[in-house]
Amino acid sequence: MGATSGGLCYLGPHNAPFDELEEWVKKRLPDHLLVKDKAALEPYALELIGYIEGKLKDFTLPLDLHGTSFQQSVWKALMEIPYGETVTYSDIAESIQKPKSVRAVGTAIGANPILITVPCHRVIGKNGKLTGFRGGLEMKKQLLDLETQHKISK
């Protein structure tokens, strides 16, 4: 997990090595210094815990997304997918008014630096199957199952 003064900028899978974050910062934020600050990250961690426990469906803390304008448009579309629902890559391409850019949408989704909070796990293949996810397909399945379970129980 990483944040700037502007908000959460990176959230990787729970089992990712710390050097994954370091490499991301070097590539995306070369003028920034990576500092370990648990107190600064605590509000983001608490929201994430609330989500995992099924108590939180909408993240409220600020995000500081760094990407191209196309990536930003895709990530914005991801944040509009309702909790517990899924869409296809084609749906995202349509929503950003680039219906022929399905592959580019997939690439932008794969570059999403903030897992879960920018819910790329809610995008599935046109055939209804789970497709690529930086955290792995098992994690994607678990997140979708978690959301389905808590959507039904509420």
Side-chain angles (χ1 to χ4, degrees), residues 1-29 32-89 91-93 95-96 105-125 128-154:
M1 181 179 288
T4 67
S5 59
L8 186 67
C9 66
Y10 183 88
L11 180 59
H14 63 87
N15 58 351
F18 185 73
D19 61 343
E20 180 179 302
L21 173 58
E22 290 176 321
E23 288 301 315
W24 183 88
V25 169
K26 284 179 191 174
K27 182 177 179 183
R28 298 285 184 170
L29 304 172
H32 288 71
L33 177 63
L34 187 60
V35 177
K36 291 183 182 181
D37 185 347
K38 286 185 180 184
L41 294 174
E42 184 176 14
Y44 301 103
L46 291 174
E47 277 205 346
L48 187 60
I49 291 167
Y51 166 83
I52 291 167
E53 292 176 346
K55 298 174 185 171
L56 178 79
K57 293 186 173 141
D58 298 307
F59 293 93
T60 60
L61 293 171
L63 302 179
D64 189 9
L65 287 163
H66 295 267
T68 67
S69 59
F70 181 79
Q71 288 171 328
Q72 296 273 353
S73 69
V74 170
W75 300 338
K76 183 177 185 275
L78 294 176
M79 290 185 282
E80 294 170 5
I81 305 168
Y83 181 95
E85 294 184 22
T86 58
V87 301
T88 66
Y89 293 90
D91 293 333
I92 296 294
S95 76
I96 63 168
V105 163
T107 300
I109 290 172
N112 171 21
I114 308 176
L115 296 182
I116 303 171
T117 307
V118 178
C120 54
H121 61 279
R122 295 179 188 153
V123 181
I124 60 173
K129 294 194 179 198
L130 298 186
T131 57
F133 183 64
R134 187 165 42 104
L137 290 182
E138 183 57 34
M139 181 180 175
K140 184 172 188 166
K141 182 182 179 327
Q142 290 172 350
L143 292 170
L144 292 173
D145 289 348
L146 172 92
E147 290 185 11
T148 300
Q149 174 189 353
H150 289 290
K151 185 177 179 183
I152 291 170
S153 66
K154 298 291 178 201

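Atoms considered below: every heavy atom in the structure, side chains included; atoms not considered: hydrogens, waters and symmetry mates.
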(request) Go through Lys55 and Ile49 one step at a time and tell me if the side chain to side chain contact (heavy atoms under 4.5 Å, CB included) criterion holds. (result) CA-CA 9 Å; Lys55 298 174 185 171; Ile49 291 167; over 6 Å; no

(request) Step through the shown structure and confirm whether more than 12 heavy atoms of other residues, nucleotides or ligands are within 6.0 Å of CG on Asp145. (result) yes

(request) State the CD-CD1 distance between Glu47 and Ile52, to the nearest 0.5 angstrom. (result) 12.0 Å

(message) Return the CG to CG distance between Leu61 and Leu41, rounded to the nearest 0.5 Å.
(response) 11.0 Å

(request) Indicate the atoms forming the closest heavy-atom contact of Gly6 with Pro62, along with that distance. (result) O-CB, 3.5 Å

(request) Without swapping roles, check the side chain of Ser73 against the backbone of Phe70 for a donor-acceptor pair under 3.5 Å. (result) yes

(request) I would like to know whether Met79 and Leu65 meet side chain to side chain contact (heavy atoms under 4.5 Å, CB included); could you show each step before the answer? (result) CA-CA 12 Å; Met79 290 185 282; Leu65 287 163; 3.9 Å; yes

(request) Can you label the angle between the Tyr51 ring and the Phe59 ring as parallel, tilted or perpendicular, going by 30° and 60°? (result) tilted

(message) If I compare all heavy atoms of Leu115 with all of Phe133, which pair ends up nearest, and what's the gap?
(response) CD2-CE1, 3.9 Å

(request) Inspect the contact between Arg122 and Glu147 and indicate whether a charged nitrogen and a carboxylate oxygen are less than 4.0 angstrom apart. (result) yes

(message) Does this structure show an ion pair linking Lys38 with Glu42, if we count only N-O contacts that are shorter than 4.0 Å?
(response) no

(message) Distance check, rounded to the nearest 0.5 Å: Tyr89 atom OH versus Thr107 atom OG1?
(response) 10.0 Å

(request) Decide yes or no for Leu144 and Leu130: does some side-chain heavy atom of the first lie under 4.5 Å from some side-chain heavy atom of the second? (result) yes

(request) Report the residue from Met139, Gln142, Lys141, Lys140 that forms a side chain to side chain contact (heavy atoms under 4.5 Å, CB included) with His121. (result) Lys140

(request) With rounding to the nearest 0.5 Å, note down the distance linking CG in Leu56 to NE2 in His150. (result) 11.0 Å

(message) Please determine whether salt bridge (Lys or Arg N to Asp or Glu O under 4.0 Å) holds for the pair Glu80 and Lys76, giving the CA-CA distance in whole Å, both sets of side-chain angles, and the decisive distance to 0.1 Å.
(response) CA-CA 7 Å; Glu80 294 170 5; Lys76 183 177 185 275; 3.3 Å; yes

(request) Kindly give the heavy-atom pair with the smallest separation between Gly2 and Leu8, and that separation in Å. (result) O-CD1, 3.2 Å

(message) For the CD1 atom of Ile96 and the CD atom of Gln72, what is their distance to the nearest 0.5 Å?
(response) 12.0 Å

(message) Ile109 and side chain to side chain contact (heavy atoms under 4.5 Å, CB included): which single residue from Val123, Thr131, Val118 fits?
(response) Val123

(message) Does any part of the side chain of Val74, heavy atoms only, come nearer than 4.5 Å to the side chain of Gln71, both counted from C-beta?
(response) no

(request) Please report the shortest heavy-atom distance between Lys129 and Ile124, naming the atom on each side. (result) O-CB, 3.6 Å

(message) With rounding to the nearest 0.5 angstrom, report the CD1 to SG distance, Ile114 to Cys9.
(response) 6.5 Å

(request) Determine the minimum heavy-atom distance between Gly132 and Leu137, stating which atoms define it. (result) N-CD2, 4.0 Å

(message) Minimum heavy-atom separation for Pro119 and Ile81, please, with both atom names.
(response) O-CD1, 4.3 Å

(request) Using modelled atom types only, decide if a donor and an acceptor are shared between the side chain of Trp75 and the backbone of Pro113 within a distance under 3.5 Å. (result) no

(message) If you define the side chain from C-beta out and look only at heavy atoms, does anything of Met1 sit under 4.5 Å from Tyr44?
(response) yes

(request) Look at the side chain of Arg134 and the backbone N and O of Asn112, then say whether any donor-acceptor pair between them is shorter than 3.5 Å. (result) yes

